[in-house]
2 protein chains.
Amino acid sequence: MEKQTITIYDVAREANVSMATVSRVVNGNPNVKPATRKKVLEVIDKLDYRPNAVARGLASKKTTTVGVIIPDVTNMFFSSLARGIDDVATMYKYNIILANSDENSQKEVQVLNTLLAKQVDGLIYMGNDISDSIRQEFSRSKTPIVLAGSVDPDEQVGSVNIDYVAAVEAATTQLINSGSKQVALVTGQLAQPINGQYRLKGYKQALQKAGLPYDESLVFESETSYHAGLALFAQLQKAGATAAVVGDDEVAVGILDGALDAGVKVPDDFEIITSNNTKLTEMARPQLTSIDQPLYDIGAVAMRLLTKMMNKEDIDAKTIRLGFDITTRKSTR
Amino acid sequence: MEKQTITIYDVAREANVSMATVSRVVNGNPNVKPATRKKVLEVIDKLDYRPNAVARGLASKKTTTVGVIIPDVTNMFFSSLARGIDDVATMYKYNIILANSDENSQKEVQVLNTLLAKQVDGLIYMGNDISDSIRQEFSRSKTPIVLAGSVDPDEQVGSVNIDYVAAVEAATTQLINSGSKQVALVTGQLAQPINGQYRLKGYKQALQKAGLPYDESLVFESETSYHAGLALFAQLQKAGATAAVVGDDEVAVGILDGALDAGVKVPDDFEIITSNNTKLTEMARPQLTSIDQPLYDIGAVAMRLLTKMMNKEDIDAKTIRLGFDITTRKSTR
DNA sequence: AAAATTCAGTAAAACGCTTGCATTGCTGAT
DNA sequence: ATCAGCAATGCAAGCGTTTTACTGAATTTT
């Protein structure tokens, strides 16, 4: 009752050829006579032979596996990206090792290392922040890496994202134009480039172009959760905000529900534009107006870029910026 | 400018020991003199040596990797399970290869095979249905498999779930007791055991115990999507339903919004109990009453069970049934 | 018809590690 | 001293592929 795996060697013997020949037909190498190929394929089928990918990986130094570091699969924003990644990966015959990091830089480094130990051919990193420790690991490794839905100010690695500055500026402007003069910005930690350097910048630009003063008390750092948003509405109200540009859909739904629970009418008395256009925006009532990042595409394009890098093809640009829209629904006037 | 990976051999030479000894310290084998261990560790550190997991896998026939087949990461129900799986996997030093199947049995078989080719030590399968083709592959393979959040009527493989019959019965009963006499059941394809054999059974039992007749026109097969739910409400209304037990949260939110959009008051004129208690239930307004399956735990326990199987420990029971609750919110009276 | 070229296939060396078995020192008991 | 017993190490045989030479035969060129 042994494992009794059949190896390439068994196939070779049974087909009266050498293992090299079997290897060739398995790998589609053309240097095999059709008759031989046919015979080998028959034997493979008969023996139900399945090449051992681990041995293959050792010999060829390719695992056809890529590592994916994700803050939390449970967050729609990231899972949408992940879905795009996986689909393209599958298309190119790669598999994905998925690891949750909780945006904890220690976990990230740790996970990154086990991924590299597993000899992944490439890596996709998601997360709002690129801590110094992880950045250091990045530059130390020769494995191709691309960021999905995140920004690398240093452009050390590949990345796919949208123009966050422009997006937030557009959203803010739309709110200002509809008559809301007290527009708040709700985002993640300002220390993270995507929030502090990009979103905040877009927000300020919009204010400036509208000739409005920048008021720090209208900028809110929030955790990425529904409950955080729910609790935040009171503060928003206290600060006199009449509208908000929100960085995360869950938080936005929280704010919306907070408003509703407080008897504030949306969009009549309070307007909201959120940022990720996940399914949540449609599920909420009223439905949420949102910056429309092509989440699935960001993931897909990131993976596609990675395949090119793994293939050592020439890359036009390490950083790919996808377009965005604003999908107007019912949380704005 | 070669890859120039440092191998166990380099470490051995540098530390003046054999590779076997290095291997021992790397693997925490106690048969090493502390002094030697220390020296080896120093060299490892100095050379920045990182064991090649692929080679390790080939030699030891263990990859410390498990395959996870998931219908769609983007669905909260499954991503919640996945999160539980990943967390305990990490805890036990396993990594996860995640593959989306879209519940397409052809894709499932295909994915299963590449996973096995990659020599995963175990497999977790999620999905409502276990097609014959996949079941066949299951029984053919010696790799431990466990189902998470799904039911295997044949108990061929391990599985972790809740008692769906009892859960739906309880939900239906609660609805009946609150005065709703026309309770509908909205679920996935009845051809799938979890829906047809379990949920429907629970539904019928509740009716029967309440002395109500079973009316086929109150049972709805629905796709698993928000939009399907949204569209379904009209039919529900036409069929005269005054309440519904729904099998999926997205669908439930759809029905809820459908009702709201049609000006029907929930819960006054229509009650809803959904099944998965994902975050969505809290985000909806009114918040949804739900069967409370411990999603994260189901995933976690499934993975734990799998570790035991991979470890060839004795298992008390292949099938683990977790408890459930009904969390009452605002979509019921 | 000899030489050059292509084609199919073979043999065997990696790939980087684990592990069973053998070996070497020691230690304490005889 | 001698030796059993044990701890600490080394040796080398795999693990299942890919891949690099290399060989002989068949085909083409000159």
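Residue numbering restarts at 1 for every chain, and letters A, B, ... go by the order of the sequence lines.
Comparing B:Val22 and A:Val26 along DNA chain D, the residue whose closest nucleotide (by nearest heavy atom) sits nearer the 5' end is B:Val22.
When the side-chain nitrogen and oxygen atoms of B:Tyr9 are compared with OP1 and OP2 of D:dC11, none of them lie within a distance under 4.0 Å. For D:dG16, neither phosphate oxygen OP1 nor OP2 lies less than 4.0 angstrom from any side-chain nitrogen or oxygen of A:Arg56. For D:dT17, the OP1/OP2 oxygens have no side-chain nitrogen or oxygen of A:Ser23 closer than 4.0 Å.
Using modelled atom types, one finds no donor on one side chain facing an acceptor on the other under 3.5 Å when comparing B:Thr65 with B:Lys118. Side-chain polar atoms of B:Arg50 and A:Asn113 form a donor-acceptor pair below 3.5 angstrom. Using a 3.5 Å distance cut-off with no hydrogens or angles, the side chains of B:Gln119 and B:Thr63 do not pair a donor with an acceptor. Using a 3.5 Å distance cut-off with no hydrogens or angles, the side chains of B:Arg83 and B:Ser80 do not pair a donor with an acceptor.
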Item checked: Summary of protein contacts for nucleotides 5-15 of chain C, nucleotide by nucleotide, where a base hit scores B, a sugar-phosphate-only hit scores S (4.0 Å, heavy atoms) -> ---SBBB---B
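A side-chain donor-acceptor contact under 3.5 Å links A:Ser60 to the backbone of A:Arg56. Listed for the B:Asp72 side chain is no donor-acceptor partner under 3.5 Å among the backbone atoms of B:Asp102. Here the side chain of B:Asn27 pairs a donor or acceptor atom with the backbone of B:Ser23 at under 3.5 angstrom.
Rounding to whole angstrom units, CD1 of residue B:Ile8 and C1' of D:dA12 are separated by 14 Å. The nearest whole Å value for the distance from the NZ atom in B:Lys118 to the P atom in D:dT17 is 15 Å. Between the CD atom of B:Gln119 and the C1' atom of D:dG16 there is a distance of 9 Å, rounded to whole Å.
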Next item on the list: Taking Watson-Crick and G-U wobble pairs with both distances under 3.5 Å, convert DNA chain C into its dot-bracket string, 5' to 3', dots for unpaired and | for cross-strand pairs.
Entry: ||||||||||||||||||||||||||||||
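Within 6.0 Å of the CD atom in A:Gln156, the count of heavy atoms belonging to other residues, nucleotides or ligands exceeds 12.
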